[in-house]
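Written out below as structure tokens is the structure these notes cover.
When a ligand or atom number is given, it counts from 1 through the structure's own listing order. All heavy atoms count here, side chains included; hydrogens, waters and symmetry mates do not.
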Amino acid sequence: MSISQSLFDRARVHIPGGVNSPVRAFRSVGGVPRFIARASGARITDVDGVEYVDYVGSWGPMILGHAHPEVIDAVVRAAADGLSFGAPIPGEVELADLLARLVPSLEMVRLTSSGTEATMSALRLARGFTGRDRIIKFGGCYHGHGDSLLVKAGSGALTFGSPDSSGVPACLAELTTVLEYNNTARLEEAFAVIGRDVAAVIIEPVVGNMNLIAPDPVFLKTLRRLCDQYGALLIFDEVMTGFRVALGGAQALYGIQPDLSTFGKVIGGGMPMGAFGGRRDIMEQLAPLGPVYQAGTLSGNPVAVAAGLATLRLLQADGFYAELADKTRRLTDGMAAAAARHGLPFAAQSVGGMFGFYFRHGLPRNYDEVMESDRPRFNRFFHAMLDKGFYFAPSAFEAGFVSAAHTIADIDLTIAQAGDVFASLAAD
Ligand SMILES: *Cc1c(COP(=O)(O)O)cnc(C)c1O
């Protein structure tokens, strides 16, 4: 029995499902999750000593590759000075200044300890600022596990969402309207009916939580216009896209200025950190200046701030994002070409350093289309690649990530091995 298997058996005794976050459990692909011992650069090594080229990157944060020496050094030095003070530190001022410079819509910013906290706080702030309760989100977008956001489209009335998790009160879910991503006509209709009640629209400007879905630029522009017209706030949830698709996030890539933005993942360089920020007049509604309460014992944690600062410093190197985007596109173009040679229904795309591939004809534009992917075929692909030493996300509905540490040779080897797997998938 592998060490991962025995650890997983033991883990399930005292940890629900054996994991501290559900997708790690390999439920959708089957099999035993690999317990990881260490990682360096583009590679992770499991407790059985097997090494994998990693395309998960801790679900996004590890954009520089694992254990980057400068990030580790910053963390070690910060830790030696004490782990937490519950009082202001110089680093958080430096980080706020840097964030405001890199993401121009951030006139003010507040740090949290996770992406979920950032989105929950941004929603409360939007509600407090506008004096309205209703929220709009889009099907298939994930914004963390806050009550108002674990909501799916309701079956009955057009505009009332219903809970997408047991334990979410129906009366709260009803305040969230779930619309179809990239459906501009439906968005216009919804605003015409409920626009004046909407506190905020929250969106993944590039979706990374139903595999990768790219936005139709007209859809994003319409969203910005409708929010302005009806006095609703536009929240870009850049927890995944921030510092990933471009230094200024998806808002820089698509040229849209949101009222509020949320961050996580890359911003902490692998340490638990999130942030939300935006317009000064809105952010000044937060306690202690204003009536909207939000707080965190470990917010602005010195070790997390040090990791974030070191990471963001390295991301500003000339050509960093162009090179990352080129490598990522090389991977998806190469995989798509290999699949086409074997006549498999397959499509792939990338935005900056994130990518998606789909066992279906053509790129999906929304949740329903991505759900048409051939799941059993993905699962076979996933396990075959894992056996060859390539670690992709253990679900057909998650995006993938390339880091600065991945070499062209890593990418080309991945394409070649994927080609062999496509050949065997096509054969049966
Ligand atoms: C990961 C993610 C979150 C939640 O962040 P956590 O740090 O896991 O709480 C929220 N929004 C988006 C877009 C994400 O990808």
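Protein heavy atom in closest approach to atom 3 (C) of ligand 1: V239 CG1, 3.6 Å.
Checked by distance only, ligand 1 and H143 stay at 3.5 Å or farther apart across all their nitrogen or oxygen atoms. The distance criterion of under 3.5 Å between nitrogen or oxygen atoms is met by G115 with respect to ligand 1. For ligand 1, the polar-atom distance check finds an N/O of K265 within less than 3.5 Å of one of the ligand's N/O atoms. Where the criterion is an N or O separation shorter than 3.5 Å, residue side chain and backbone included, T119 fails it with respect to ligand 1.
The distance from ligand 1 to the heavy atoms of T116 drops below 4.0 Å at these ligand atoms: 4 (C), 5 (O), 6 (P), 9 (O). For ligand 1 and D237, the ligand atoms under 4.0 Å from any heavy atom of the residue are 10 (C), 11 (N), 12 (C), 13 (C). Applying the 4.0 Å criterion to heavy atoms of M240 picks out, from ligand 1, the atoms 15 (O). Close approach of ligand 1 to Y142 (heavy-atom distance below 4.0 Å) involves ligand atoms 11 (N), 12 (C), 13 (C).
Within 6.0 Å of CZ on R12 lie more than 12 heavy atoms contributed by other residues, nucleotides or ligands.
For E180 and R186, the salt-bridge test fails: no basic side-chain N is under 4.0 Å from an acidic carboxylate O. Residues E188 and R225 are paired through a salt bridge, judged by an N-O separation under 4.0 Å between the basic side chain and the carboxylate.
Contacts between N209 and ligand 1, counted as non-hydrogen atom pairs separated by less than 4.0 Å, involve the side chain only.
Of the residues F357, F346, F390, the one that meets the ring pair (Phe, Tyr, Trp, His ring centres under 6.0 Å) test with F381 is F357.
Between F138 and Y367, the gap from one ring centroid to the other reaches at least 6.0 Å. A distance below 6.0 Å separates the ring centres of F26 and F382.
Proximity annotation for atom 10 (C) of ligand 1: of G60, G144, A399, G144 comes nearest, heavy atoms only.
R110 places no side-chain N or O within 3.5 Å of a backbone atom of M283 that could act as its donor or acceptor partner.
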